[in-house]
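Below is one structure, written out as structure tokens; the observations come after it.
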Amino acid sequence: QVQPVESGGGLVQAGGSLRVSCTASEGTLSGYSVGWFRQAPGKGREFGATITWDSTNILYADSVKGRFTISRENAKNTVYLQMNSLKPEDTALYYCAVHLLGGIRSRDADFRYWGQGIQVTVSS
């Protein structure tokens, strides 16, 4: 059992940066692949980025590639999403999720454990 918990969201102006973090209030993130998803108001949940347990494989959605960076520190049981050059369309509830399957996954159905989400709002 793993319970992800997100932190670090907030309000930022367009063009600014923000870092959100994911840790676990129950269990550990170490040894598992972790992904970041987001859901904007009135839209479905979409994939953002994912990283394998050992950081050897990383995948980004086209919408965030080149602006967002996912990383992790297993010793701190934490996964980060550094978001730069933020746009108003990045405004969403951001979720951290863990999957127990091998390799890189981007489908939300493959992720078993989900955090409650944290709000990121980008003003124009």
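This one's a predicted model, so the numbers in the text were calculated from it and none came from an experiment.
Separating the CD1 atom in I51 from the CH2 atom in W36 is a distance of 12.0 Å, to the nearest 0.5 Å. We find the CD-CD distance between Q39 and Q119 to be 10.5 Å, quoted to the nearest 0.5 Å. Separation of atoms SG (C96) and CD1 (I70) is listed at 8.0 Å; rounding is to 0.5 Å. One distance of note links NZ of K43 with CD of E89; it measures 8.0 Å at 0.5 Å rounding. A distance of 12.5 Å separates CZ in R105 from OG1 in T52, rounded to the nearest 0.5 Å.
No continuous path of hydrophobic side-chain contacts links V5 to V98 [ILVMFWY only; heavy atoms under 4.5 Å].
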Between V120 and T91, is the side-chain contact (heavy atoms from CB on, under 4.5 Å) condition met? List the steps.
CA-CA 5 Å; V120 172; T91 294; over 6 Å; no
Between V20 and S7, is the side-chain contact (heavy atoms from CB on, under 4.5 Å) condition met? List the steps.
CA-CA 6 Å; V20 289; S7 63; over 6 Å; no
Output, in order, the C-alpha distance, side-chain angles, deciding distance and verdict of side-chain contact (heavy atoms from CB on, under 4.5 Å) for E46 and R38.
CA-CA 5 Å; E46 67 169 352; R38 65 186 185 183; 2.5 Å; yes
Set out, in order, the CA-CA distance, both residues' side-chain angles and the distance that settles side-chain contact (heavy atoms from CB on, under 4.5 Å) for Y60 and T69, then state yes or no.
CA-CA 8 Å; Y60 295 100; T69 302; 3.8 Å; yes
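Among pairs with a residue in residues 1-29, none fulfils salt bridge (charged side-chain N to carboxylate O under 4.0 Å, His left out), at least two apart in sequence or across chains.
Considering only heavy atoms from C-beta on, L11 comes within 4.5 Å of S123 through its side chain.
Taking each heavy atom of A14 and P88 in turn, the nearest pair found is CB-CD, 4.1 Å. The shortest non-hydrogen separation linking A24 to V2 is CB-CG1, 4.2 Å. Heavy atoms only, all atoms of each residue included: Q3 and G115 are closest at NE2-CA, 4.0 Å. Between G8 and I118, the closest heavy-atom pair is N-CD1, 3.4 Å.
By the 4.0 Å N-to-carboxylate-O rule, K87 lies too far from D90 to be salt-bridged with it.
For Y32, the OH atom sits in a loose shell: 12 or fewer heavy atoms of surrounding residues, nucleotides or ligands are nearer than 6.0 Å.
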Exercise answer: donor-acceptor pairs, residues 74-85 side-chain atoms, under 3.5 Å, sequence neighbours excluded:
residue : atom : partner : partner atom : Å
N74     : OD1  : R72     : NE           : 2.8
N74     : OD1  : R72     : NH2          : 3.3
N74     : ND2  : W53     : O            : 2.9
N77     : OD1  : T28     : OG1          : 3.1
N77     : OD1  : L29     : N            : 2.7
T78     : OG1  : K76     : O            : 2.7
Y80     : OH   : E73     : OE2          : 2.8
Q82     : NE2  : N84     : OD1          : 2.9
N84     : OD1  : S17     : OG           : 2.9

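With side-chain heavy atoms closer than 4.5 Å counting as contact, directly or through intermediates, the hydrophobic cluster containing L59 also holds F37, F47, L93, Y95, I104, F111, W114.
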